[in-house]
Amino acid sequence: MAILTSEPDSGQNMFQLLKGSRTDRLLLLISLILIVAAWFVIQARIAGGVAVAEIYHDQLLLATYPLPQAGEAEHSFVVQGELGDAVVLLDQQGVRMTSSPCSSQHCVLSGAHRHAGDIIACVPNRILITVRGRSASGFDAIVE
Amino acid sequence: MLISRPPLAELEHKSRWIALLVLAIGLHIFEAALPNLGPWFKPGLANLVTLMALVLMGPRAALTLAIGRVVLGSFFIGTLFTPTFVISMAGGLAAAVLMIAAWRYIPGISLVGVSLLGALAHMLAQFVTVESLFIQQAVLYYALPPLLLLSCITGWINGALARYIAARLTHEL
């Protein structure tokens, strides 16, 4: 067990353990900078314009629908995937999968999505839904 | 006919590996049963056992444990040879390989840093696998940055837990 001689004594408190080594903290800093930079780049590319939901099956973009604004009616449609038909609902809360032939149902349980960059991915059924543009239910301003 | 008895050290090594494997399978099943914390997001507790195998038993034990845990864990939760299994295997293997490389080649790194890199590799490998095998759309990566930030948090905390457990085990072994 010589490999563990540099590890802390079990009596050390959790705060000291959470500090990590200088190398750990450097790795964390580099990771955070890269992730945040990537996030800004992605948001700059997709956050502009009207909020829309894009529906893909494999490599094919099936449809692009604007997310309903306040007062607009909801609508749903059927998307044919690898396993069968999935139902997608667009309402003021965003876009959601209301039914899917997959066994895990993670895509249905993930609920509504409305922020730019949100995705619903049903891997077994090979369906991907992404949201682009400014959030349909987001506030531009609050006035009295 | 006499059957030669294996050396005690070898038996101890194997029994320790099996104990870690059973623990990892249990945690794999526990994580699958957790409420949905977001797409592909899990706390990474099963990966913590791979890290423990690495520091206690070496790279080979860690790699075989990562493979064994995904195969047997998927068998028990009913996802063996499904897309979920392929994604889990890719994530588990990528995390194990990167943790082994980091532990061996990065000077000054502790289990916290190793765990951090493992968590990031796990998440990245899952996305690359889905993008290359199942849904060939680069837009999938739009969801990656927030999930990587969560991986940083879970990886860091799991690494601290691993340091604590490793310290306790070396005192008690």
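Below, chains carry the letters A, B, ... as their sequence lines are ordered, and counting in each starts from 1.
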### Task
Against chain B, label A:R25 side chain, backbone, both or neither, depending on which of its atoms sit under 4.5 Å from a heavy atom there.
both
### Message
Tell me whether the count of non-hydrogen atoms from other residues, nucleotides or ligands lying under 6.0 Å of CZ in B:F30 goes above 12.
### Response
no
### Message
If I measure from the heavy atoms of chain B, does A:I46 come under 4.5 Å with its side chain, its backbone, both, or neither?
### Response
side chain
#### Entry: Best-contacting candidate, A:L26, A:I42, A:L61, against chain B by heavy atom pairs under 4.5 angstrom
A:I42
### Task
Report the distance from atom OG of A:S31 to atom CH2 of B:W156, rounding to the nearest 0.5 Å.
9.0 Å
### Task
Against chain B, label A:R22 side chain, backbone, both or neither, depending on which of its atoms sit under 4.5 Å from a heavy atom there.
neither
### Query
Is it the backbone or the side chain of A:D118 that comes under 4.5 Å from a heavy atom of chain B, or both, or neither?
neither
### Salt bridge flag under 4.0 Å for residues A:D24 and A:K19
no
### Region of A:T130 in contact with chain B, defined by heavy-atom distances below 4.5 Å
side chain
#### Entry: Interface moiety of A:I127 toward chain B, non-hydrogen atoms closer than 4.5 Å
backbone
### Query
Side chain, backbone, both or neither: which part of B:L144 has an atom under 4.5 Å from a heavy atom of chain A?
neither
### Query
Does the side chain of B:Y142 come under 3.5 Å of the side chain of A:R45 through a donor N or O and an acceptor N or O?
no
Validation: residues 19-28 of chain B side-chain donor-acceptor distances under 3.5 Å, sequence neighbours left out:
unit_1, atom_1, unit_2, atom_2, d
B:H28, ND1, B:R69, NH1, 3.1

#### Entry: Euclidean distance, B:L124 CG relative to B:S151 OG, rounded to 0.5 Å
8.5 Å
### Message
Going by side chain to side chain contact (heavy atoms under 4.5 Å, CB included), B:V49 matches just one of B:L65, B:L54, B:I165. Which one?
### Response
B:L65
### Query
In this structure, are over 12 heavy atoms from other groups packed under 6.0 Å from A:Q80 atom CD?
no
## Note on the structure
Answer key: most heavy-atom pairs under 4.5 Å with chain A among B:C152, B:G159, B:P83, B:P146 is B:P146
### Query
In Å, rounded to the nearest 0.5 Å, how long is the span from NE2 of B:H13 to CE of B:M57?
3.5 Å
### Within residues 32-39 of chain A, residues adjacent to chain B where the heavy-atom gap is under 4.5 Å
A:L32, A:I35, A:A38, A:W39
### Residue B:L116 versus chain A: region with a heavy atom under 4.5 Å
side chain
### Query
So, the side chain of B:T64 versus the backbone of B:R60: is there a donor-acceptor pair under 3.5 Å, distance only?
yes
### Engaged part of B:L120 at the chain A interface, taking heavy atoms whose separation is under 4.5 Å
side chain
### Query
Measuring from A:I55:CD1 to A:Y65:OH, what's the distance to the nearest 0.5 Å?
6.5 Å
